[in-house]
Each structure stands twice: as structure tokens, then as C-alpha cells.
Amino acid sequence: MDMKLQKRENLHIVFWLVKDFSWILGLKILGIVMAPPTLILSIWIAWKRRKNRADLFHNLAVVCWISANIVWMFGEFFCTDCTRPFAIPFFVLGFILIAYFYITEWTKKKTL
């Protein structure tokens with residue numbers, strides 16, 4: 001495995017934890033500051049892992065999950081949870097991506 005990529009994946013986890021920690025503690029500024037690098041790094045990881053179909057689909061689901069969390073977090077920070085309905089499609093898209101991946105993998109194995 002590429003060590004540079006592995007280090008960025010580990011850094012991504014740190015960013016994600018700090019973002020969520022800020023959210024749960026109501027630290028708005030830190031949560032807002034951590035949202036873009038967390039999302040950007042998750043997109044970059046998905047792009048770098050695109051050659052492996054399993055990695056691509058799982059990382060795209062992570063991008064959806066983080067996007068949903070950011071939308072939801074902003075709603076809790078700036079209004080009375082008013083953005084939750086806008087977060088739901090991101091979660092649904094993540095589930096669809098994972099379901100599509102596993103269904104197509106299962107059907108490939110059935111046809112072999």
C-alpha cells in the first residue's frame with residue numbers, strides 16, 4: 001500500500017473525529033473549520049482508490065455520509081435541526097451505492 005495514501009487516510013480519520021467531536025460539544029467554529037478538509041480529503045481518497053471497485057464504492061459511501069453529517073451539523077448549529085431533511089438524501093445515496101456494489105458483486109458470482 002502506498003504509505004502517502006495511508007497517511008492521508010489516517011489524517012482523514014483524525015479530521016472526521018475532530019469535526020464530530022466539535023459537533024457533539026457544540027464547538028461551532030471548530031466544526032465549521034473541520035468540515036471542508038474532512039469532505040475534501042474523503043473525496044480525494046475516493047478518487048485515489050477508484051481503480052479498486054470495492055474501495056471506490058465504499059469510499060463514495062463515506063463521502064455521502066460525511067456530506068450528510070456536515071449538512072445535519074450546520075442545521076444543529078444554526079437553526080433548530082432544520083437541515084436534517086436535506087441530509088437524508090446523502091445517507092440514502094450512500095446506501096444505494098453500497099447496495100448497488102454488493103448486488104452487482106453477488107450477481108457476478110452467481111453467473112460464474
Side-chain angles (χ1 to χ4, degrees):
M1 176 181 277
D2 180 11
M3 286 305 292
K4 186 176 180 181
L5 180 56
Q6 181 65 48
K7 286 181 181 179
R8 292 223 172 114
E9 287 176 338
N10 291 341
L11 180 62
H12 172 255
I13 292 168
V14 172
F15 285 176
W16 194 349
L17 289 171
V18 171
K19 179 198 69 67
D20 279 0
F21 185 70
S22 303
W23 178 11
I24 199 74
L25 292 179
L27 303 172
K28 292 179 186 178
I29 293 172
L30 185 57
I32 292 165
V33 167
M34 292 308 298
T38 304
L39 182 59
I40 291 166
L41 201 46
S42 71
I43 294 167
W44 182 85
I45 291 166
W47 176 255
K48 294 302 264 184
R49 294 284 190 188
R50 72 189 182 279
K51 293 177 184 171
N52 180 303
R53 190 171 184 272
D55 286 347
L56 173 63
F57 275 88
H58 285 85
N59 282 300
L60 287 174
V62 168
V63 169
C64 292
W65 185 359
I66 291 170
S67 298
N69 280 171
I70 290 169
V71 170
W72 189 358
M73 177 183 75
F74 273 69
E76 287 191 359
F77 279 170
F78 299 108
C79 55
T80 309
D81 202 16
C82 64
T83 60
R84 188 181 303 213
F86 300 104
I88 292 171
F90 290 105
F91 283 118
V92 171
L93 180 57
F95 280 121
I96 290 169
L97 288 166
I98 290 298
Y100 175 80
F101 170 75
Y102 282 105
I103 290 168
T104 56
E105 287 296 306
W106 180 73
T107 56
K108 279 184 203 176
K109 289 180 181 175
K110 286 288 190 183
T111 59
L112 292 179

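Treat the numbers as computed from the prediction; the structure is a model and nothing was measured.
If you chain together hydrophobic residues whose side chains sit under 4.5 Å apart, Phe15 and Leu17 never meet in one group. At a threshold of 4.5 Å between side-chain heavy atoms, the hydrophobic network of Ile, Leu, Val, Met, Phe, Trp and Tyr places Met34 and Trp44 in one connected group. Cluster annotation: Leu41 and Ile13 are assigned to distinct hydrophobic clusters (Ile/Leu/Val/Met/Phe/Trp/Tyr, side-chain heavy-atom contacts under 4.5 Å, transitive). When the side chains of ILVMFWY residues are joined at heavy-atom separations under 4.5 Å, either directly or via intervening members, Phe86 and Ile88 end up in two distinct hydrophobic clusters.
Counting only heavy atoms from C-beta outward, the side chains of Asn69 and Lys19 approach each other to under 4.5 Å. In this structure, the side chains of Lys7 and Lys4 stay at 4.5 Å or more apart for every pair of heavy atoms. Using a 4.5 Å cut-off on side-chain heavy atoms (C-beta onward), Asp81 and Glu76 make contact. A 4.5 Å side-chain heavy-atom check between Asn59 and Lys48 finds every atom pair outside the cut-off. You'll find the side chain of Glu105 reaches within 4.5 Å of the side chain of Arg53, heavy atoms only.
With hydrogens and angles ignored, the 3.5 Å screen pairs a side-chain donor or acceptor of Arg50 with a backbone N or O of Trp47.
In this structure, the separation between CZ on Phe101 and NE2 on His58 is 5.5 Å, given to the nearest 0.5 Å. Here the CD1-CD1 distance, from Ile98 to Ile103, works out to 11.5 Å after rounding to the nearest 0.5 Å. Between atom CG of residue Leu60 and atom OG of residue Ser42 there is a gap of 9.5 Å, rounded to the nearest 0.5 Å. The line from CD1 of Ile45 to CZ of Arg8 is 9.5 Å long, rounded to the nearest 0.5 Å. A distance of 11.5 Å separates CG in Leu97 from CZ in Phe95, rounded to the nearest 0.5 Å.
The heavy-atom pair separating Ala46 from Leu56 by the smallest distance is O-CD1, 3.7 Å. The nearest pair of heavy atoms linking Ala61 to Gly94 is CB-O, 3.9 Å.
Residue Leu25 qualifies as enclosed at atom CG: its count of foreign heavy atoms under 6.0 Å is above 12. By the 6.0 Å contact criterion, CG on Leu11 is enclosed, its count of non-hydrogen atoms from other residues, nucleotides or ligands being greater than 12.
Residue Phe77 belongs to a hydrophobic cluster whose other members are Trp16, Trp23, Ile32, Leu39, Ile43, Val62, Val63, Trp65, Ile66, Ile70, Trp72, Met73, Phe74, Phe78, Phe91, with links defined by side-chain heavy atoms closer than 4.5 Å.
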